[in-house]
Asks: 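This is the structure I have questions about; it appears just below.
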Amino acid sequence: MKVKFTSYIFALAMMVMAPFHANAETNPTDDPNFAKINGIVTEMLGMWDDNAYKNSLDLLDQAMKYDMTEIAQDLRHTLLDLKTGIEGTSNFQVAITPRIASGIFAVENGKWVKKANSQDLRMAFPDKNGNDCVLSANVTGQPVEYLLPVTDDDAEDFLDDYGKMLSSLLGIPLEKVKNYVNGVKKVTVAVETTNIVLTQGGKKVMDATIGIDPSSVTNEVEGLLLNTSFSFAKSNGDGFFTLTMNQTGYKPGLGLNIDFTAKSNDLTIASLKLSMPGTFTGINLNTMDFGINTINMEVDVLGKAQAVGKVSDISSFLKALMSADNSTQEAFQPSLDEANKYVDVKLYYDGSSTPAATMVLSSLYNEEEKEWKLMPHIIFYNNNNAEYAFKKFFSKTNFAAANEKVQSVIGDMKTFLTTAQSRVKEVNSVKNIGAKSNKVATEWYTLDGKRITTPAKGMVIEKQADDTSRKVTVK
């Protein structure tokens with residue numbers, strides 16, 4: 001029997017999050033290691049400038065408040081070009097790029113108006129105080145094209161996720177979209193990298209590069225590695241706060257990879273590297289094999305604290321945990337001892353080669369379920385091997401400032417994404433686009449649905465900006 005690997009990991013995470021019985025161990029805040037770690041975390045949080053990207057998010061929200069009908073109309077024409085390709089073809093062209101429109105736009109009377117054609121995107125608008133702002137996006141480098149096979153499962157997943165949306169945007173019956181997608185056997189993918197710059201009052205406030213490593217897209221199997229970087233002008237005006245991800249994602253053979261860095265100018269505030277080399281095959285509950293058998297992790301905070309770890313044999317590790325009897329602590333412990341053979345996680349201070357602490361898998365009692373549950377513990381060598389459960393040492397109470405900071409960042413992002421979603425809903429309907437447009441645009445199609453720039457003699461389909469269509473005879 002096979003289940004998704006992520007489902008099993010989620011189950012383990014839920015065990016860790018469950019409520020536990022408090023035992024009589026020493027108060028973690030009395031340990032000198034707590035003061036050191038808390039000091040490092042506090043210093044890092046003082047350099048984590050979330051106000052930098054709050055300003056950029058506010059400006060982007062401001063840009064989205066203006067009537068986006070004309071920008072959406074530009075997008076609609078791109079989609080109608082796709083509609084033309086739907087007729088009688090088995091190949092599908094897709095560009096993986098965050099650029100959804102092109103041209104030079106400006107705000108006039110509260111509306112975005114296209115001023116000129118352009119291969120790139122440039123949007124000029126005023127902020128709340130009347131300062132001139134410009135959002136631009138341009139593709140760098142040449143796209144690399146790949147021809148990917150499409151399976152029946154791929155087509156079904158695509159229709160579930162995007163079928164109704166395409167039907168609405170293209171103004172064609174859902175059944176016609178389904179017939180086309182089910183007939184697609186190959187997809188031509190063009191991988192592009194886009195640079196997005198946002199300025200305010202002539203000063204750069206955001207510079208982002210969003211791209212995909214072309215080597216991660218192959219013609220045989222799925223894989224995607226992101227190369228992205230977001231730089232935001234610091235709130236104190238002294239340089240930039242930068243978040244970077246290099247080759248982050250999944251590629252067969254390379255496996256799952258995360259390489260994240262946060263910097264204040266040239267100083268690295270925090271970094272995370274996680275790798276699970278191999279190729280996912282789906283987890284088999286009988287053998288615990290799923291193509292990935294090692295986890296490597298490195299975390300660094302300001303160069304003052306490093307956590308380095310490895311699970312060397314995931315299959316054996318999971319087998320030990322699956323065989324556990326958690327009815328009593330005595331019955332549970334042998335399985336944890338076996339699992340600990342494959343886990344090596346150490347804490348270091350200031351780049352030292354001598355570890356200050358290690359992590360072990362132990363247990364705590366779950367009051368609600370009346371059984372013992374898995375709980376990582378940390379043991380400090382430099383304090384007579386003092387041992388604490390992670391849930392207690394790194395509790396929300398002990399690290400209140402860190403928890404508040406994280407919740408604040410998550411809240412800001414949720415607010416922006418919710419706002420963005422509501423803005424998109426205002427313009428994602430073809431009928432709405434036509435209804436809001438003051439222009440009377442006409443498009444022509446042949447009777448079999450192919451778009452033409454100039455109507456030829458004979459019967460054609462005439463389509464207006466309000467999405468109404470009629471058959472006319474051109475003489």
Side-chain angles (χ1 to χ4, degrees), residues 9 13 16 28 31-50 52-53 209 213 225-232 234 238-250 254-277 294-312 343-361 376-383 388 390-391 393-396 398-410:
I9 294 300
V16 173
D31 193 303
N33 289 282
F34 174 81
K36 184 174 182 66
I37 293 174
N38 191 39
I40 294 172
V41 171
T42 301
E43 184 179 355
M44 184 269 288
L45 291 176
M47 297 181 179
W48 191 281
D49 192 354
D50 54 330
Y53 51 83
T209 299
D213 187 339
L225 295 176
L226 296 175
N227 290 321
T228 67
S229 180
F230 291 85
S231 291
F232 305 95
K234 293 172 66 175
D238 180 23
F240 286 84
F241 178 69
T242 304
L243 305 174
T244 303
M245 289 191 296
N246 290 319
Q247 289 202 315
T248 294
Y250 171 74
L254 178 66
L256 178 66
N257 189 69
I258 297 174
D259 188 342
F260 170 81
T261 303
K263 287 187 174 183
S264 175
N265 293 332
D266 294 329
L267 175 64
T268 298
I269 299 173
S271 64
L272 166 65
K273 294 183 179 181
L274 178 72
S275 64
M276 300 174 65
T294 303
I295 301 176
N296 301 296
M297 177 199 72
E298 293 182 24
V299 178
D300 185 284
V301 180
L302 290 172
K304 297 183 178 183
Q306 299 81 34
V308 181
K310 181 176 184 179
V311 178
S312 57
V343 180
D344 181 15
V345 180
K346 298 288 194 302
L347 172 68
Y348 301 85
Y349 293 140
D350 304 313
S352 171
S353 60
T354 302
T358 188
M359 188 205 78
V360 296
L361 300 180
H377 281 55
I378 187 168
I379 300 175
F380 289 100
Y381 297 136
N382 57 3
N383 189 27
Y388 309 96
F390 265 48
K391 191 176 181 72
F393 191 91
F394 297 101
S395 70
K396 293 180 179 179
N398 291 347
F399 289 86
N403 180 65
E404 184 179 350
K405 187 80 166 182
V406 171
Q407 294 304 318
S408 174
V409 171
I410 293 175

Asks: Kindly check if the number of other-residue, nucleotide or ligand heavy atoms within 6.0 Å of NZ (K273) is above 12?
Replies: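 It does not: K273 NZ has 12 such atoms or fewer within range.
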Asks: For K310, does its backbone N or O pair with a side-chain atom of D344 as donor and acceptor, under 3.5 Å?
Replies: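 No, because the side chain of D344 does not come within donor-acceptor range (under 3.5 Å) of the backbone of K310.
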Asks: If we ignore hydrogens and angles and just use 3.5 Å, is the side chain of T248 paired with the main-chain N or O of N246 as donor and acceptor?
Replies: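 Checking the backbone N and O of N246 against the side chain of T248, a donor-acceptor pair under 3.5 Å is found.
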Asks: Rounded to the nearest 0.5 Å, how far does CZ of F230 lie from OG1 of T209?
Replies: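 If we round to the nearest 0.5 Å, T209:OG1 and F230:CZ are 9.0 Å apart.
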Asks: First locate atom OG1 of T244, then atom CG of L226, and finally report the distance between them rounded to the nearest 0.5 Å.
Replies: 12.5 Å
Asks: Aromatic ring centroids of F399 and F394 under 6.0 Å?
Replies: yes
Asks: Nearest heavy-atom pair of T294 and P277: which atoms, and what distance?
Replies: O-CD, 3.6 Å
Asks: Decide yes or no for I295 and L274: does some side-chain heavy atom of the first lie under 4.5 Å from some side-chain heavy atom of the second?
Replies: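 Heavy-atom side-chain distance check passes, below 4.5 Å.
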Asks: Given side chains that start at C-beta, do those of Y349 and I37 come closer than 4.5 Å, heavy atoms only?
Replies: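 In contact.
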Asks: Could you report the tightest heavy-atom contact between P32 and N383, atom names first, then the distance?
Replies: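 Taking every non-hydrogen atom into account, CD-ND2, 4.1 Å.
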Asks: Determine, stepwise, if the pair Q247 / N257 fulfils side chain to side chain donor-acceptor pair (under 3.5 Å).
Replies: CA-CA 7 Å; Q247 289 202 315; N257 189 69; 5.3 Å; no
Asks: Would you mind reporting whether N33 and I378 have side-chain heavy atoms less than 4.5 Å apart?
Replies: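 Result no, sub-4.5 Å side-chain heavy-atom pair not found.
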Asks: Is the closest side-chain heavy-atom distance between K346 and V308 below 4.5 Å?
Replies: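 Answer no - side chains too far apart.
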Asks: Indicate yes or no for a side-chain donor-acceptor contact from T358 to the backbone of V345 under 3.5 Å, with no hydrogens or angles considered.
Replies: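 Yes: the side chain of T358 pairs with the backbone of V345.
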Asks: Between S352 (side chain only) and T354 (backbone N and O only), is there a donor and an acceptor less than 3.5 Å apart?
Replies: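 Checking the backbone N and O of T354 against the side chain of S352, a donor-acceptor pair under 3.5 Å is found.
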Asks: Looking at every non-hydrogen atom in both residues, tell me the closest pair between I40 and K304 and how far apart they are.
Replies: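 So the two residues come closest at CD1-O, 3.6 Å.
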Asks: Are side-chain heavy atoms of F380 and L347 found at a separation under 4.5 Å?
Replies: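 Yes; the side chains approach each other to less than 4.5 Å.
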Asks: Mark yes or no for whether T42, through its side chain, and N38, through its backbone, hold a donor-acceptor pair below 3.5 Å.
Replies: yes
Asks: What residue pairs, at least two apart or across chains, pass side-chain hydrogen bond (donor to acceptor under 3.5 Å, both in side chains) with a residue in residues 258-271?
Replies: K234-S264
Asks: On the 0 to 90° scale, with breaks at 30° and 60°, tag the W48-F241 ring pair as parallel, tilted or perpendicular.
Replies: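 It falls in the perpendicular class, over 60°.
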Asks: What is the minimum heavy-atom distance between F34 and F393, and which atoms define it?
Replies: CA-CZ, 3.7 Å
Asks: Rounded to the nearest 0.5 Å, how far apart are NZ of K391 and NZ of K396?
Replies: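 Nearest 0.5 Å value for the NZ-NZ distance: 8.0 Å.
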Asks: Roughly how far apart are D213 CG and T228 OG1, rounded to 0.5 Å?
Replies: 12.0 Å
Asks: What's the spacing between I258 CD1 and M276 CE if we round to 0.5 Å?
Replies: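 Result: 9.5 Å between the selected atoms.
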